[in-house]
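The sequence lines fix the lettering, A, B, ..., with proteins before strands; numbering per chain opens at 1. Predicted, not measured: the structure shown is a model, and the values here were computed from it.
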Amino acid sequence: MILQASVSSAETAYARLNPEVQAWIRDQGWKTLHPLQVQAIDAILGGCGDLLITAPTAAGKTEAAFLPVVTAVADQQRTGFAVLYVSPLKALINDQARRLSPLCERLGLTLVPWHGDAGRGAKTRAFADPSGMALITPESLEALLVRRPEDAKRLMSRLSFIVIDELHALMSGPRGLHLASLLKRIDAWSTAPARRIGLSATIGDLARAAVWLRPTAPSSVTLVQGDTSATEVMLKVMGYLDAAPAESRETKAVGRPMASHPRIVDHLFQTLRGSSNLVFAQTRREVESIAGSLRTRSVRAYVPNEFFAHHGSLSKEIRSEVEDRLRQNSLPTTVVCTQTLELGIDIGSVSAVAQVGAPRSISSLRQRLGRAGRRGSPAILRLYIREPVIDHCSDFRDRLRPNTVRAVASVRLLQARFAEPAPVSDALATALLHQILSVITERSGATPRTIFNLLAGPGPFEDIGREDLVDLLNAAIQSPGKLIEVAADGSLMLGEGGEAIVSRRDFFAMFQSDLEWRVLSGQVPLGTIPLSNPVAKGTLILFAGRHWIVEAVDTRSRILQVAPHQGGAAPQFDAGAAEDLHDRLLEEMRAVYSSDDIPEYLDTQAQHFLSEARRAFSLYGLAETRVIVSNGGVHLFPWRGSGACHVFAATLRKEQVKAQAHDLAISTADASLDQIAAALDRIRCYGTTDLEDSCLWSDNFANAKYDRLIPRPLLHRLWMRRNRQAITAVPAIAADLLESLAT
DNA sequence: GACCTGCTGCGGATTG
């Protein structure tokens, strides 16, 4: 990656901009251009490659990219869009359209917001006379390619720039593979591919981001980095003692708030009322329960409620109402939310950010922190950490106080500027099949060679070899559902099954969607809850931070009609697997256990938890050993992240040891130390063949949308490649554990 | 043991 070498002065950069852009800058009342903007102007107007712009939220990344971009394309004459802006969220497209339209108007550039909820007028005009900028989601891009391939080519074969916002979010997961493939296909239409500009606040691995951005030439990506000097953070970690462990697990399962709940709610109420804040919780159910209690608390205190819920299952209406109230900033507003308010939707900045529960990801914590701190004042972050009461039947997991230790480790890594790299997607096969169907549709048929040339090679599918593609295509051709057919000339066409998949509306997204109840209060849509919730007339529910009674159930159209009421519990939202912990976080947790400093940002209870944690760590002898016996079971501590631990647990199961990985360790059952030592000794000597075989014992590698249509051996092969690192580490982990047992 | 994201084209009726 090329680091920005020379930087001209703000005056020189300003002089390079289009006069109308300069006038717009004066209108904003800006006295000077930020260094970030100067760098971006130099790189875009002076250079010719791709750019990665990283800077904290609200540092002006959008302007840094667009001032020079619109300057570059202002006077060009062409048929088709000059700039494609890709965003992960419709709401972000609406925000950006609002921000950019005065600038574009001055230059006579058309601006077309292009997503499912955007008006059709602008799109229709763009089909007739395409020019300027389109602001689009990956799914709408897919829809354009599949449904209007001729128009898509006409609109996007002469692009000068592709701007990708919130790059860290768009490059990860199935969507990352999807968008990368779409961009590759767009590039194939033109002789001079558009320059790509990625924007992000949190990039854990710059080298990998550069590879994603320009797979054929990652070293030509210029890095433009904003001010990375640390912003002042006022941090507090607060400990809360919960009910007995057995009880706490039970109440969690039933969904009843835990014993610490009222005390945490009290503290939030007292510290946050009167100002604007964000409170992040780990689950939607927890958001509901906290927001509901805060509202009840306000009613009891005879004060107007200023606490609201925000999560992905709430309707657009409810969510934008809350976002508007935050943005207008005229009334104190505290929003209890999940990840939904992490990305760059414009909500202004808030006084303080709180999080209930220990962080699992540093990137996420950093994004959340970025929401706090008005100009000139420090960002306030409060972490609420719960640990259970210890009694005679408590096991090592409770005694080691992992939540407190994880919170301290997270803060240390935050200070060390660590951020997790974007996770590798497990949807490679699904994405490949999806894109094959899409290419066949776009081209009304394609030969295997065309498909291979178009999709394979540097990019999202570079791990796919010719034989993988052949296996996949053969399976699709021979499938009883007739996904693909071979035409007389040897080209591949959609079969009956393929047609059915592509013609469905949900084809455009690479992720799954399940059926849900729609919850309506009168005519107002409140949101959706999973069909799995038992509901009947008279059921009480807590939703959108308020209490409701179900008045009517329409099972045909899946609608719940509700009315305001009192009481009721939050619904059960479908549970997925917990977010993986990174290797670095476990390593840091071990360091926290082994050191003896008590950070001053811990309150008395949290300090107490940390002391208990270290005492337990020492009593179990974990400074010297990686294997302990507790409550009749043997527990192994590789001090690695979730990925490595899950693979290692699978390997143990292959050796007939019942093993289960959790956040802190791997727990075994019904096995003696001798049996485990023998298993570890065998695993220690594993060669490549054994390792490739070991993961056959894992049955859950068919998770993604179209995995059921993929041959199992291919899924297994791809799973192996994706987990190569964790798999290669297996013998070394076994050796370390065995050494512990010997001493 | 979690979270989040997205969605066409067409014909016909209605409205300004």
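- Ring orientation note: the planes of Phe81(A) and Trp114(A) are nearly perpendicular, at an angle over 60° on the 30°/60° scale.
- At a threshold of 4.0 angstrom between heavy atoms, the contacts of Arg319(A) are confined to the sugar-phosphate backbone, with no base atom among them.
- With Glu442(A) as the partner, the salt bridge (charged side-chain N to carboxylate O under 4.0 Å, His left out) test is satisfied by one option alone out of Arg147(A), Arg185(A), Lys153(A), Arg148(A): Arg185(A).
- Listed nucleotides: dT5(B), dA2(B), dG6(B). Nearest to the side chain of Thr340(A): dT5(B).
- Residue contacts shown for Ser140(A) are limited to sugar-phosphate atoms, with no base heavy atom under 4.0 Å away.
- Of all nucleotides listed (dC7(B), dT5(B), dC3(B)), dC3(B) comes nearest to the side chain of Arg284(A).
- Here Phe508(A) does not lie in a stacked arrangement on the base of dT8(B), lacking the combination of planes under 30° and ring centres under 5.5 Å apart.
- Counting atom types as modelled, Asp506(A) pairs no side-chain N or O with a base atom of dG6(B) as donor and acceptor under 3.5 Å.
- Note on Asp663(A): a base of the nucleic acid sits closer than 4.0 angstrom, heavy atoms only.
- Of the candidate nucleotides dT8(B), dG1(B), dG6(B), dG6(B) has the atom lying nearest to any side-chain atom of Leu89(A).
- In this structure, Asp165(A) atom CG and dG6(B) atom C1' are separated by 17 Å, rounded to whole Å.
- Here Gln282(A) lies in heavy-atom contact (under 4.0 Å) with sugar-phosphate atoms only.
- When rounded to the nearest whole Å, the span between CH2 of Trp114(A) and P of dC7(B) equals 12 Å.
- Taking 4.0 angstrom as the limit, Thr338(A) places a side-chain polar atom (N or O) nearer than this to OP1 or OP2 of dC4(B).
- At a threshold of 4.0 angstrom between heavy atoms, the contacts of Ala281(A) with the nucleic acid are absent.
- Within 4.0 Å of His311(A), counting heavy atoms only, lie sugar-phosphate atoms of the nucleic acid but no base atom.
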Sugar-phosphate or base contact per nucleotide [nucleotides 9-16 of chain B; S, B, -; heavy atom under 4.0 Å]: SBB-----
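- Look at Thr137(A) and you'll find a side-chain N or O under 4.0 angstrom from OP1 or OP2 of dC7(B).
- Nearest to the side chain of His115(A), among dG6(B), dC7(B), dG1(B), sits dC7(B).
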